[in-house]
Amino acid sequence: MATKKITDASFEADVLNSDKPVLVDFWAEWCGPCKMIGPSLEELSEELGEQVTIAKLNIDDNPDAPGRYGVRGIPTMILFKGGAAAATKVGAEPKGRIKAWLEGAL
């Protein structure tokens, strides 16, 4: 399962109303660290797809959700469970650290 592209318009349906946890990666095209973790998130989406949906939201095209959830720097990953933010990770990390954090938060 590949990562899912979401927008401000689809945020409520794709994230808040999801029946399983959703990890939202807030990113931008110009962000080097965001591009560094992209392949890791794709791999984690394949590995953990049964447990969690991994979604990507471009902050330049979709400014509402980042503002609502206090995203100040990117990459920021927020795990949503039951329609609420449950865990946040800011900055690029190696895949193993992202996976460990995500599994611990699930």
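Worth knowing before you read on, the calculation uses all heavy atoms, side chains too, and leaves out hydrogens, waters and symmetry mates. Quick caveat, the model's predicted, so the values are computed rather than measured.
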Between the side chain of [X] and the main-chain N/O of [Y], is any donor-acceptor distance below 3.5 Å?
X: Lys81; Y: Ala105; answer: yes
X: Lys35; Y: Glu29; answer: yes
X: Thr7; Y: Ser10; answer: yes
X: Asp8; Y: Ala65; answer: yes

Taking the side chain as every heavy atom from C-beta outward, state whether Thr53 and Pro21 have any pair of such atoms under 4.5 Å apart. no
How about Val71 and Thr88: do any of their side-chain heavy atoms sit closer than 4.5 Å? no
Stepwise side chain to side chain contact (heavy atoms under 4.5 Å, CB included) check, Lys95 with Leu44: CA-CA 8 Å; Lys95 177 186 167 191; Leu44 290 172; 3.9 Å; yes
Report whether [X] and [Y] are members of the same hydrophobic cluster (ILVMFWY, side-chain heavy atoms less than 4.5 Å apart, transitive linking).
X: Phe26; Y: Leu79; result: no
X: Ile74; Y: Val22; result: yes
X: Val24; Y: Leu48; result: no
X: Ile37; Y: Ile54; result: yes
X: Ile59; Y: Leu41; result: no

Verdict with supporting geometry, Lys99 and Glu47, side chain to side chain contact (heavy atoms under 4.5 Å, CB included): CA-CA 10 Å; Lys99 184 175 184 181; Glu47 293 171 23; 3.0 Å; yes
Verdict with reasoning, Lys89 to Thr76, per side chain to side chain contact (heavy atoms under 4.5 Å, CB included): CA-CA 6 Å; Lys89 183 166 214 38; Thr76 292; over 6 Å; no
Please list all pairs meeting ring pair (Phe, Tyr, Trp, His ring centres under 6.0 Å) that have one or both residues in residues 75-106, counting only residues at least two apart or in different chains. Phe11-Phe80, Tyr69-Phe80
Counting only heavy atoms not in [X] (residues, nucleotides, ligands), do more than 12 fall under 6.0 Å from its [atom1]?
X: Arg68; atom1: CZ; result: yes
X: Lys5; atom1: NZ; result: no
X: Glu12; atom1: CD; result: no

Each residue besides Val90 in its hydrophobic cluster should be listed here, by chain and number; the cluster joins Ile, Leu, Val, Met, Phe, Trp and Tyr at side-chain heavy-atom distances under 4.5 Å. none
Val52 and Leu102: CA distance, side-chain angles, deciding distance, side chain to side chain contact (heavy atoms under 4.5 Å, CB included) verdict: CA-CA 9 Å; Val52 62; Leu102 184 55; 4.1 Å; yes
Can Lys56 and Glu42 be counted as an ion pair, charged N to O under 4.0 angstrom? no
